[in-house]
Every structure is written in structure tokens, then in C-alpha cells.
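I have placed the structure first, in the form of C-alpha cells, so that the comments after it can refer back to it.
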2 protein chains.
Amino acid sequence: MSEGLLAAHTAEGQEAVALLDRTRQAVEPELRRAVASLPGSMRRIASYHLGWEHADGGPAAGQGGKAIRPGLVLAAARALGGQPATAVKAAAAVELIHNFTLLHDDVIDRDRTRRHRPTAWTVFGDADAILAGDAMQALALRVLADDPHPAAPAAAARLAACVVELCEGQHTDTALEERGCDEVNLEECLAMAEAKTGALLGCACALGALYAGADRDEVEAMDAFGREAGLAFQLIDDVIGIWGDPGRTGKPAGADLLARKKSLPVVAALTSGTAAGSELAALYADLQADDVERAAEAVDRAGGRDWAQAHAADRMARAVQQLSRAVPDPEQAGGLLALAEFVTRRTY
Amino acid sequence: MSEGLLAAHTAEGQEAVALLDRTRQAVEPELRRAVASLPGSMRRIASYHLGWEHADGGPAAGQGGKAIRPGLVLAAARALGGQPATAVKAAAAVELIHNFTLLHDDVIDRDRTRRHRPTAWTVFGDADAILAGDAMQALALRVLADDPHPAAPAAAARLAACVVELCEGQHTDTALEERGCDEVNLEECLAMAEAKTGALLGCACALGALYAGADRDEVEAMDAFGREAGLAFQLIDDVIGIWGDPGRTGKPAGADLLARKKSLPVVAALTSGTAAGSELAALYADLQADDVERAAEAVDRAGGRDWAQAHAADRMARAVQQLSRAVPDPEQAGGLLALAEFVTRRTY
């Protein structure tokens, strides 16, 4: 990277970090108010999951996630000429939906660690993690139902439709994981990633547009922007899941490989028709901790890593194209672009 | 029962049966349309759970439940001078919420039979039953978000708040089941039953009132009517869970005892301070199939059965009182009364 590009990239990163900081400051009071309205047990589990409390109920420092989705809601509202402050409830609703899906996905995937802490089901049990997720979904829709903004009903309809898509995406993900290595194809996995990750990022952008009073075409273009950026984000996240630094990810090195996850780079490798791809399939049949490094190398040699990075760049280009449909002025689109670049260029 | 009373009771029962038939005819098309909008897997699991499809996807006769909650929505709308036809989406939304909670409760309680069929989680697995429940919750809120009726936003807010209460109720139920026989009290169990069962019946009545344009006091009185009737219903349901006819309940005789459930008659017996109560506690410590009959007798001798029936009657009296607050004309309140009587006087 040239020094000029690096400087621009750093500036963009700083813009995104500042935007996310502002988002958290604006949205967290609304989130805390909503969660405080939950009855005792549901509130306690939600507060633990969000990083606000320890398991014993004592206050915690609050590693509550990066607030990317609420950041997209507010940035989209601003990009389309709206007032981000009026979209704070919508941003909180999207973040609640995101966290409800995390609670349930962790139960379903039996994931034991989230944001460097034990997942809620490992602390409170499956039943309470399921119920707290259910309550958080309801809370999200209640926040929107209580919002007097004229866009709130359309936002609620869109967010509810998005939840259905997220559920189908998580179902497909689980189903794909149960299939053999010779029974997966890349198209299907990309469609799954769009439903599981892209849909909510798209919905966040669409809600911001709705709150800015955007027209139908603009709302759809913003949804498409978020979906494409979301897919780029997932591809990079999958790369990090294999080659990421454990100190940053909070997970052991090659965690996704050890769990024999059929992440996108892995499926690209498995379906590459290369010798390295066959080697990976053989390793995946019975992977031990010792094999993780060899598996990572096989994904790399089969072209899985390069493909994921190239395809992420391709998706980002499509995202930018969609964004320019909704927001032709690059200056106005700055915040959204910075966020999209930020989440897809995380160092690992 | 005198012959005159019996005739009135039968007529009331017939009125309720006819009302529930009309409800199913009015609401099922809306329900089917909503479920048909779900993506493939979610649709299939929901259709199985609702009794519309067999596990292999073939059409089934459709034992989809008694439609009591949608019946309450429509009857409440009519009782307050509204047009039941305009409240069909609200009725469908309430039924979807009810079924979402059944899907999740069956996973949590590990119940294997529902409406004489294997529960969804035993057929499709925990993950898909959780996800289909999530999708059905979202679908309910989407049906309301898409409803142009002016009461829809207030109904959505109320239904979402009700879901939170249902979650807390199910949590408390699970927590009570894990406690020892000497660590439960009746007040707590009644509060749990109100949250778990009463809340949604109250919400159904309140939604009907909202759709009829009722004022705040009327809406609250209708909610209270549904809650009290719901508690009466739960008490009778608990009696049936111990002494019900397996041919009618679809569950083995004394199923709730064999599962060592702390249902309301059981808790009344355990906390009765009687010798029979102590006998029951001793039996519950390690109950075998052979002990079920003795346990049922102990509940009876400890006064659990009488208490449950008397308390159900008391709750019904309170329900009728609340109803007369909202609907002073007994003629107009007829449908609601018939429904309430129907669900609390089921033969067993």
C-alpha cells in the first residue's frame, strides 16, 4: 500500500471509529432503557449478553459489540438527508434483533465464547438463553411500535420480514454443516451468507433510509448496499476465522477449522477441483487439533483465501455501486462508505 | 346439575363451539397466507406444527388447536361494537404468537407430544424448532405491521409486551420445576400461571377491544377479563393433567404427575400442611409409574383438587365482573362468556 493510500485508509478508519463511538453514545441510552423495562430474569440475561453485567449481576465494563448495525441505520439516515437523532429507536431495534439472533445462534451452534466471554447458554442454560432471545426479539418490535416517527410501521414490517430471512439463513447454515464435504456448493453457501449476515445489514441501511423519508428505489438501493457490504464482511470474517490473531479474535487460532465449519473460503477450497482441495476434504473427515495448520495451508493452496479476498473486493465494488444509486454525492455517502470499508478491512 | 342448568350449559357450549368454528373459518385463510409467505424450511416446520402437514410434507387433516385465542379477539371486538371481520389479522397474529411459544416451550420442557402428534423438535431437531418459533414470532408482528387498521400499531405494541411477559412466565415455570417440593409457594405459582397463560388470553381480549375502538378503561377491563378467565382455564387444565381421560387429552393418565410437574393442584397439596401433602412430597422425591395413582389420591386427599376447582370458579367470577365493566349489556357479552365457560368447564 502506498503511503498516500495508507493515509487515506487510516483517515477512513478513524472516521468509522468516530462514527461508531457517536453511535454507541446515541443508541446505548435507548438500548439500556429498553432492556431495563424487561422483567427480572430476562433483563439479567440480556444485560449479561450485552456485556453490561457479570454473571452474578454486578456491573461490567460493557464490551457490547461494535454497534455496526445501528451505525449503519444512523449513517444511512444522514446520507439521505435525514436527522440521525430521529432514527435512534430504529437503530436500537436493529441492535436488539442482532443480539437476539446471537443468543439463539450460540445455543444452536453450541458456541461457548462470544466477545471474549462465556456465552449466555453456558452461564444460564439453554432454556433461559432461548427465552431471553425471544424477549429481545419482542422488545425490538416494541421499541418500534412505541416510536411515534411516521416511518416506524414500515420499519417494523421490514425488520420482521428480515428476522424471517435470518432464521432461514441460520437453518441453511446448520443444514450445510451437517452435509458431507462433497455435498456443498459455493452458490448455496453465498446465498446462506446473504440471508444470515447480509439481510440484517441491508435492513439496517433500509431503515435509515425509511427514517430519512427516502423513496422506494432509494430504500431498495440502500438495502442492496448493506447486503453486498454484509457479504464482503462475512467473507473477511471467514478469513479471520481461519488466519486471525487469537489475541484479537478472542478465539483459538483456526477455530473455524477445528470446528470443521464450512465457511466460504473452506467451501471455495473444497469445490476448487484442486489436489489441495481433496487434501482438505480428507483432513476434514476427522480433523484433530494438530491438523489445523495443515488444513489452513490446504485452504490457502486450493485458492480459498485468495478467492475470499477477491470476492470480498468484488462485493464491496457492487456495494459502492448500489450506494451511488441511492446517494449520488460521494461526500454525503462518506459515513456509510467509511463504515463499509472499516468492517471489511479489519486487520488480522 | 339441575336439568335447566344443564340445558343452559349445553346451549352455552354449543354457542362456543359454533363461535370457534366461525373463528377458524375466518382466521385460517389469513394464517395460511402468512405461513405460506415463509421461506421453505420455516414454512414446512410451521405447517407441521399447525397440523396442516405431515412430517414428510404431505397434507394433513389439520388438528391445529381450538382457536380459543383468535376466538377471544373476534368475540371481544364484537362485544364492544366492532366488526370482527376487521380484526382477523390481529386474531391471526395472536394465534401465531401462541404457536411460537408452544414450539419453544416444547423444546425447553422436552415435551414429546402435542395435539396427539410428536412435537416439532422430536421431528426436525431443536435447532429448527427454535428457528421456526423465532420466524413465527416475527411473522405475527409482520401481519400486524402490514395491517392498515388504525388500531394495528397499538395492538403490535401490546402483543410484543405480552411476549415479554410470556417469556418471563415460562422462565419462572422452568425455575419452579427445578426447586424442591418444600421451596414452592402457591402465590408464586399463581403469578407464574398468570404470566404464562393469563397474559396472552388477556392480550387477545384487549386486541379485540382496541380493534373495536374501545377506550382505555374498556381495553384494560377486557385484558383483566382474559387474564382471570385464563387463570381459571389453567387451573382446570392442571386438574385435567392429573385426572383427565387419556383418550381426550392425548397424554397418558396422570402425565403431569409422572413428569413431577408442580402444577397448581400439586402445589396446593404440597403447601396444605396436611399428612396427604407430606405423603405427596415423599412420593414426588422419586416417583415411578406405579406411584401415579397414589400420588393423584394424595393430591385429592390434601385438598388440591377441590382447591383448584373452587379457585377456578373464583377466578371465573372475577372474570365475569371485569367483563361487566367493559360490556355492561349481558346480551352483548354473550360470546365472550360462552367462550370463557367453554374453556373452563371442559369435561374430563
Side-chain angles (χ1 to χ4, degrees), chain A residues 37-45 97 100-101 104-105 107-110 124-148 152-175 177-178 195, chain B residues 37-45 97 100-101 104-105 107-110 124-148 152-175 177-178 195:
Chain A
S37 78
L38 291 173
S41 307
M42 300 296 102
R43 183 174 67 234
R44 190 168 151 206
I45 301 159
I97 290 295
F100 129 64
T101 64
H104 282 192
D105 289 356
V107 171
I108 290 169
D109 299 336
R110 311 315 287 163
F124 300 99
D126 285 6
D128 279 352
I130 294 171
L131 292 168
D134 291 343
M136 281 175 93
Q137 180 183 177
L139 192 59
L141 274 304
R142 222 192 70 196
V143 165
L144 280 179
D146 286 338
D147 185 356
R158 203 160 182 119
L159 190 56
C162 177
V163 169
V164 170
E165 192 174 351
L166 296 172
C167 292
E168 184 76 9
Q170 172 67 11
H171 158 81
T172 309
D173 192 12
T174 312
E177 290 300 331
E178 279 166 11
Chain B
S37 78
L38 291 174
S41 308
M42 298 298 102
R43 185 174 64 235
R44 191 168 150 207
I45 301 159
I97 290 295
F100 129 64
T101 64
H104 282 192
D105 288 356
V107 170
I108 289 169
D109 298 336
R110 310 318 285 162
F124 300 99
D126 286 5
D128 279 351
I130 294 170
L131 292 168
D134 291 343
M136 282 176 91
Q137 182 185 173
L139 192 59
L141 275 304
R142 221 192 69 198
V143 165
L144 281 180
D146 286 339
D147 185 356
R158 200 156 184 121
L159 190 56
C162 177
V163 169
V164 169
E165 194 175 350
L166 296 172
C167 292
E168 185 75 8
Q170 171 66 11
H171 158 82
T172 309
D173 192 12
T174 313
E177 290 301 330
E178 280 166 11

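Chain identifiers are assigned alphabetically (A, B, ...) following the order of the sequence lines, protein sequences preceding nucleic acid strands; residue numbering begins at 1 within each chain.
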Do Pro39(A) and Glu165(B) come within less than 4.5 Å of each other through their side chains, counting heavy atoms only? no
Given the options Ala135(A), Ala160(A), Ala132(A), which has more heavy-atom pairs under 4.5 Å with chain B than any of the others? Ala160(A)
Report the option among Ala155(B), Ser41(B), Ala157(B), Cys162(B) that has the most heavy-atom pairs separated by less than 4.5 Å from atoms of chain A. Ser41(B)
For chain A, the option from Arg142(B), Met42(B), Met136(B), Gln137(B) that forms the most heavy-atom pairs under 4.5 Å: Gln137(B)
If you count heavy-atom pairs under 4.5 Å between each of Ser37(A), Gly133(A), Pro153(A), Gly40(A) and chain B, which one has the most? Gly40(A)
For a 4.5 angstrom cut-off between non-hydrogen side-chain atoms, does Val164(A) reach Asp134(B)? no
Region of His104(B) in contact with chain A, defined by heavy-atom distances below 4.5 Å: side chain
Please report the interatomic distance OG1(Thr174(A)) to CG(Asp128(B)), rounded to the nearest 0.5 Å. 7.0 Å
Of the listed Ala152(B), Ala156(B), Ala161(B), Gly125(B), the one with the largest count of heavy-atom pairs under 4.5 Å with chain A is Ala161(B)
Non-hydrogen atoms of chain A under 4.5 Å away: do they reach the side chain of Val143(B), the backbone, both or neither? neither
Selection from Thr101(B), Asp126(B), Ile130(B), Leu159(B) maximising heavy-atom pairs under 4.5 Å formed with chain A: Ile130(B)
